[in-house]
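Naming convention: chains lettered A, B, ... in sequence-line order (proteins, then strands); numbering from 1 in each chain. The analysis underlying the following values was restricted to heavy atoms, covering all of them including side chains, and did not include hydrogens, waters or symmetry mates. Fair warning: this is a prediction, and the values are worked out from it, not measured in the lab.
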Number of protein chains: 2
Amino acid sequence: MRFEAITIKDIATALGLSTSTVSRALRDSHEISVETKKLVRAYAEEHNYRPNPIALSLKEKRSRSIGVVVCEIANSFFSQIINGIESIAYDRGYNVIISQSHESYKREVIDLNYLASRSIDGLLISVSMETTNFDHLKSLHNKGLPIVFFDRVVDEIDTHKVIIDNSTGAYNATVHLIENGFKRIANINISEHSFIAQGRLSGYKKALQDHNVPIDEKLIRYCEHGGQDYAELEREMDALFAQKKKPDAVFAGSDTMTMGILRYFKSRKMRIPEDIALVGFSNSENADLLQPALTVIKQPAFEMGKKATELLLKVIEAKRPDKDFENFVLPAELVVRESSERKK
Amino acid sequence: MRFEAITIKDIATALGLSTSTVSRALRDSHEISVETKKLVRAYAEEHNYRPNPIALSLKEKRSRSIGVVVCEIANSFFSQIINGIESIAYDRGYNVIISQSHESYKREVIDLNYLASRSIDGLLISVSMETTNFDHLKSLHNKGLPIVFFDRVVDEIDTHKVIIDNSTGAYNATVHLIENGFKRIANINISEHSFIAQGRLSGYKKALQDHNVPIDEKLIRYCEHGGQDYAELEREMDALFAQKKKPDAVFAGSDTMTMGILRYFKSRKMRIPEDIALVGFSNSENADLLQPALTVIKQPAFEMGKKATELLLKVIEAKRPDKDFENFVLPAELVVRESSERKK
DNA sequence: TTGTAGGCGTTATCAT
DNA sequence: ATGATAACGCCTACAA
């Protein structure tokens, strides 16, 4: 409480004690008499004393706050993760400072500099789609900043990671499409270099192989900006449907892309699932209200946020650095709805 | 940069100067020789010196950060506002600390205590739906904390406010329904006591009056939890449709409620707009992809965030307290789609 | 032009 | 059991 905030010094003066005595009384030190403690506590209570966290940060070189970097909080998946992060952080007395990269590498670097300069005790990050150079993260990590990656992790940095089982998620979605009679299943994925895209692609391919459906590389496309840029998505979709042998189903690699593709189909008056089926990763709360109701692969976002935060706090509060890092994998769930209904 | 951070003292020692000289050189004081400045700057640059914001906060009693309290970041309206807030704040060198009340009064009080103790320089808040007692805000305001309200404002506190023209938004939506042939238009609104609900209700009523449509109080209902609680919404809807003279259109007072009502209709197999038309406040990016595509009243959320932040920074950085507060009103836009199509 | 000292709020260390 | 002092990193009034 910055405004007219009462300090230890104020209490000391008022009670005719020294600041150290007051400080100790407040922290219930055994070397302070019961009476003094009572006195100090009563006064502090009455005047609503709150220790100044800024001063504490300066002294303790820790801020009891953790930084979070995501691409976009307006994305359900990430806002659900943030809720998970908060649920743990607040319980443990940590503040959460949220930054958005908006999928920009440049912005991510700025965010990180900012957070680092605010003396965050640790960092939770899902890297931007544009990020291919990880020096900014390595540098912070080398300086000893505890980092836990979630969702979009960085392989080259050795620390805890919490990810989704992208491969199995993609596998199940693809199998579902195959079993419902779809044969030419396209995969529109996020940036090719990303860890996530790789996992999703591998699950997709494995499903095709396991069911003796030939893999056609022409049915696999990437959007560098992961659907944030609708024009890019449109370009890729146009290219996909310009082919002679057109797909009869599309498997989309991210929430934004799933919505974008749905928009694309509607604007082209393509009927779903009659003309084209659609399944995509999405954590939207309203996927069931869409036209058509969307079959999605849903990720345990809240759980992911919780787990990542627990791991981070473990590192932050560890007495000695632990070199034994977890790679925690959470399952994705296939929710079947109209957009992938059995082909007649 | 908490980790091995270089300080002014380090620079002073390395260069054989005093900390004050270094400090002044860094701030380009006129009383430092050009040479010394150059020397200090070069060294600082080379070692990537960054002033410690914690120390600055302690000294200056300001943190260059502003607190934001919203009910839910997962709500498009609020996440868009936050993007607006950030866009201004970062430009002006302010950090944004986001807290969610989850529509809980208790949580709002906790959030506020927390933010206040973190020495925020100012507060942007849209109060929770549960909040009817404003003492926690008054107290902070009286202590001199600059506050700007947005969207859900508190009348009794005299400061800048940025709101939507709820009345005109509701008026236009209602007129649109009337002109499309709907006669029994229900209004499901958020908490009756709220400023927002009042505005929306008055616009709705005025539209009916202006078009000689009788006002039927039985068609007006409230959800205390603003649609967050689906069971409550369901109860109100059930009551609404249990009446003899059923509505032929529903005008919904918030994003969550709009989606909830859509879900309600679908679960009851009611066709939209054939059986029942629907128009609602919503900032969802995907309202056009729903079944049916939804007619919405869209609010300039990003602009709202920007404007509120500009006003707040004006107060924060004002030399002398200004008693002349703005009540900035932004227009809402009606976006017509299928869910309110003309009645045959 | 540069240096010294004190203070922002707190706590740890070392007296008393 | 309590107090004085120094320190965290920075800035600034005052000295030199």
Side-chain angles (χ1 to χ4, degrees), chain A residues 1-41 43-44 47-65 93 116-121 143, chain B residues 1-41 43-44 47-65 93 116-121 144:
Chain A
M1 202 101 42
R2 146 192 172 202
F3 306 91
E4 306 171 21
I6 179 174
T7 71
I8 282 192
K9 199 193 265 179
D10 297 331
I11 302 181
T13 316
L15 265 38
L17 293 167
S18 77
T19 55
S20 16
T21 305
V22 175
S23 173
R24 276 183 284 230
L26 255 14
R27 333 197 89 242
D28 203 15
S29 161
H30 52 272
E31 43 184 5
I32 297 292
S33 74
V34 185
E35 287 174 49
T36 309
K37 277 188 196 169
K38 214 177 272 177
L39 192 68
V40 170
R41 289 234 198 85
Y43 191 92
H47 291 75
N48 196 29
Y49 168 78
R50 295 272 173 275
N52 181 328
I54 304 279
L56 284 175
S57 292
L58 182 61
K59 185 132 192 57
E60 297 178 8
K61 308 257 201 146
R62 58 178 306 190
S63 56
R64 289 217 145 245
S65 63
S117 82
R118 294 291 319 173
S119 292
I120 51 165
D121 295 343
K143 282 184 187 158
Chain B
M1 205 95 48
R2 148 192 171 201
F3 306 90
E4 306 171 18
I6 178 174
T7 72
I8 281 192
K9 197 194 264 181
D10 296 331
I11 301 182
T13 315
L15 265 38
L17 293 167
S18 77
T19 56
S20 34
T21 306
V22 175
S23 172
R24 278 183 281 233
L26 255 15
R27 332 198 89 242
D28 203 15
S29 160
H30 52 274
E31 44 183 4
I32 298 292
S33 75
V34 185
E35 285 174 50
T36 309
K37 277 189 198 169
K38 212 177 275 177
L39 191 68
V40 171
R41 290 234 198 85
Y43 190 92
H47 292 75
N48 196 31
Y49 169 79
R50 296 270 174 277
N52 180 328
I54 304 279
L56 281 175
S57 293
L58 183 60
K59 180 130 197 58
E60 298 178 7
K61 308 254 204 154
R62 58 181 302 193
S63 56
R64 290 217 144 247
S65 62
S117 81
R118 291 297 313 175
S119 292
I120 50 166
D121 296 343

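Using a 4.0 Å cut-off, no side-chain N or O of B/R24 falls inside it from OP1 or OP2 of C/dT2. Between C/dT1 and B/K37, no contact under 4.0 Å exists linking OP1 or OP2 to a side-chain N or O. Contact annotation: B/S18 reaches the phosphate of C/dG3 (side-chain N/O to OP1 or OP2, under 4.0 Å). Within the 4.0 Å cut-off from OP1 or OP2 of D/dG9, at least one side-chain nitrogen or oxygen of A/K61 is found. Phosphate proximity of D/dC8 to B/K9: present, with a side-chain N or O under 4.0 Å from OP1 or OP2. Considering only side-chain N and O atoms, B/Y49 lies under 4.0 angstrom from the phosphate OP1 or OP2 of D/dC10.
One interatomic measurement links the two molecules: CG of B/D28 to C1' of C/dT1, which rounds to 15 Å at whole-angstrom precision. Spacing between atom CG of B/L15 and atom C1' of C/dT2 amounts to 14 Å, rounded to whole angstrom units. Between the CG atom of B/D10 and the P atom of D/dC10 there is a distance of 9 Å, rounded to whole Å. Between the CD1 atom of A/I11 and the C1' atom of C/dG9 there is a distance of 12 Å, rounded to whole Å. Spacing between atom CD1 of A/I54 and atom C1' of C/dC8 amounts to 11 Å, rounded to whole angstrom units. B/L17 has its CG atom 11 Å from the C1' atom of C/dT1, to the nearest Å.
Using a 4.0 Å heavy-atom criterion, one finds that A/T36 contacts the sugar-phosphate atoms exclusively. Across all strands shown, B/S23 has heavy atoms under 4.0 Å from base atoms, whether or not it also approaches the sugar-phosphate.
Atom OG of B/S57 is separated from atom CG of B/D121 by 7.5 Å, given to the nearest 0.5 angstrom. Atom-to-atom distance recorded for A/E31:CD and A/T21:OG1 is 9.5 Å, nearest 0.5 angstrom. Distance check: A/K37 NZ to A/R27 CZ gives 12.5 Å after rounding to the nearest 0.5 Å.
Contact annotation: the side chain of A/Y43 never approaches that of A/V22 to less than 4.5 Å [non-hydrogen atoms, C-beta and beyond]. Taking 4.5 Å as the limit, some side-chain heavy atom of B/V40 sits within range of a side-chain heavy atom of B/L15.
Not a single donor-acceptor contact under 3.5 angstrom links the side-chain atoms of A/S33 to the base of D/dA1.
Side-chain atoms of A/E31 lie closest to D/dT2 of the nucleotides D/dT2, C/dT2, D/dG3. When distances are taken from the side chain of B/R27 to each of C/dG3, D/dC11, D/dG3, the shortest belongs to D/dC11. Comparing C/dT10, D/dA13, C/dC8 by their nearest atom to the side chain of A/L56 picks out C/dT10. For B/T7, the side-chain atoms get nearest to D/dG9 when compared with the rest of D/dC11, D/dG9, C/dT1.
DNA chain C is contacted by both A/K59 and B/V34; B/V34 maps to the nucleotide lying nearer its 5′ end (nearest heavy atom per residue). For the pair A/I32 and B/S20, nearest-nucleotide mapping onto DNA chain D gives the more 5' position to A/I32.
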